[in-house]
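Working notes, structure below.
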2 protein chains.
Amino acid sequence: MIDVKTLCLGVLSRGDASGYEIRKEFEDGPLSHFSDAGFGSIYPALRRLLDDGLIVMLPHNGDGRPDKKLYRITPAGRHALYQTLTRTPAPDKLRSDLMFILSFGHLLPPRHLDRIIGDRIADYRRIIATLEVEGETTLRTPGERFVEGMGLAIYRAVATYLEEHRHELVAAALMESQVA
Amino acid sequence: MIDVKTLCLGVLSRGDASGYEIRKEFEDGPLSHFSDAGFGSIYPALRRLLDDGLIVMLPHNGDGRPDKKLYRITPAGRHALYQTLTRTPAPDKLRSDLMFILSFGHLLPPRHLDRIIGDRIADYRRIIATLEVEGETTLRTPGERFVEGMGLAIYRAVATYLEEHRHELVAAALMESQVA
DNA sequence: AGGTACATGTAAGCTGTTACATGATTTT
DNA sequence: AAAATCATGTAACAGCTTACATGTACCT
């Protein structure tokens with residue numbers, strides 16, 4: 001699996017950034033839908049990358065905040081990123097809390113079940129709407145556009161599936177609760 | 001995120017099993033598509049569950065292999081599982097090696113890029129075919145059927161997206177390689 | 001004056017992975 | 001007789017999360 005160091009290298013390959021900015025990328029940026037990292041992992045990762053010579057720290061020009069540290073990827077860093085990128089990717093697992101829970105869905109209180117499914121549909125519809133707007137406004141690299149489209153396809157498939165089948169599971173839960 | 005202990009409880013809620021059998025569930029069973037755990041996590045997890053009284057070990061009847069340990073979930077274990085199941089599920093991230101790699105896809109050698117996408121399409125088509133057969137033969141709980149259908153919907157969406165858009169990304173990679 | 005956003009980092013603890021170590025049973 | 005599968009476990013390590021600790025700058 002891709003580790004935080006590689007995630008940071010990926011962000012830095014698109015331009016200089018501070019630890020804080022890298023984190024924002026994981027929250028809002030194009031990588032946000034399939035990665036996640038807090039300060040507690042980013043700062044140690046940057047330290048490691050520095051030690052390994054994969055990134056360098058830029059001398060801060062006096063005008064900005066003095067404690068902000070800008071990092072830049074080195075040629076060795078680009079090479080390391082390239083190596084990771086060309087490794088055969090591990091098969092994806094759909095690690096999902098929701099799917100685990102729903103695989104026992106028929107055992108849950110029908111109302112609760114209906115609510116968590118409904119909530120998740122709303123979440124996805126919101127994300128889809130956001131992505132659709134972003135896709136038209138924001139400029140992206142071809143890779144980012146491709147992946148964004150892929151994410152959109154997945155979110156749509158899940159939202160549609162949940163909408164079309166939720167009643168089946170809720171009905172099963174209802175039956176189950178009447179038996180007990 | 002769902003931990004291995006909960007995963008084990010989930011398997012045991014459907015019937016007694018040994019550590020080895022639980023692991024097989026994660027490899028072949030209905031949970032296999034969105035969970036993953038090796039012996040190194042399962043055995044310590046079972047120990048913890050035992051210590052916490054959430055499972056008990058059954059006395060082995062002499063006929064089987066003497067070293068096989070069968071575990072059974074206790075009422076306390078069912079309660080703990082239920083608690084986890086009714087917690088609000090964390091939002092799902094699409095943690096995916098492939099998506100990370102493809103977000104830099106335009107920078108990769110076009111042939112390599114085309115191959116990894118093609119391989120992944122083949123992987124998914126194979127999984128889809130297997131699930132379609134299983135769905136008709138194997139008996140499942142309503143929850144499992146629901147989740148299996150959801151997995152199928154996702155795999156189909158991804159496979160179709162990759163088939164329909166791979167040429168765009170490969171074309172971008174080709175342009176990029178000619179510029180350099 | 002207070003709140004929010006910016007900004008960096010450390011330490012403890014938890015979890016999980018990988019590799020190792022062992023041995024029985026079944027199939028070929 | 002060898003290979004595969006069944007079967008359990010430990011130890012070292014890697015990695016991430018959470019909570020803590022600190023301080024600045026801007027906006028209202």
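Predicted model only: the values in this text are computed from it and were never measured. The analysis underlying the following values was restricted to heavy atoms, covering all of them including side chains, and did not include hydrogens, waters or symmetry mates. Numbers restart at 1 for each chain; the letters A, B, ... are given by sequence-line order, proteins then strands.
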Rounded to the Å, how far apart are B:Leu50 CG and D:dT8 P? 13 Å
Of all residues at least two apart in sequence or in a different chain, which pass the side chain to side chain donor-acceptor pair (under 3.5 Å) check with A:Arg72? A:Asp16
Ion pair B:Arg120/B:Glu163, N-O distance below 4.0 Å: no
Could you state the atom-to-atom distance from CD of A:Glu27 to C1' of C:dC6 in whole Å? 13 Å
Let me know the distance between CD of A:Glu21 and P of C:dG9, rounded to the nearest Å. 13 Å
DNA chain D: 5'-proximal contact among B:Met57 and B:Lys24 (nearest heavy atom): B:Lys24
In whole Å, I'd like the distance from the CD1 atom of A:Ile22 to the P atom of C:dC6. 15 Å
Please verify the inter-ring angle class for A:Tyr161 with A:His165; under 30° counts as parallel, over 60° as perpendicular, anything in between as tilted. parallel
What nucleic acid atoms does A:Phe26 come within less than 4.0 Å of, heavy atoms only: base, sugar-phosphate, or nothing? nothing
For the pair made of CG in B:Leu70 and P in D:dC6, what is the distance, rounded to whole Å? 15 Å
Protein-to-nucleotide contact annotation, 5' to 3' order, nucleotides 14-20 of chain C [B base; S sugar-phosphate only; - none; under 4.0 Å, heavy atom]: --SBB--
Can you list everything that forms a ring pair (Phe, Tyr, Trp, His ring centres under 6.0 Å) with A:His106? Sequence neighbours excluded, please. none
Interatomic distance, B:Tyr43 OH vs D:dT8 P [rounded to whole Å]: 4 Å
Any Lys/Arg nitrogen of B:Arg145 or A:Glu168 sitting under 4.0 Å from an Asp/Glu carboxylate oxygen of the other? no
Could you walk me through whether B:Arg126 and B:Asp123 pass salt bridge (charged side-chain N to carboxylate O under 4.0 Å, His left out), step by step? CA-CA 5 Å; B:Arg126 206 174 324 112; B:Asp123 288 347; 3.3 Å; yes
Below the 4.0 Å mark, does C:dA7 have OP1 or OP2 next to a side-chain nitrogen or oxygen of A:Arg23? no
Any B:Tyr20 side-chain N or O less than 4.0 Å from OP1/OP2 of D:dT8: no
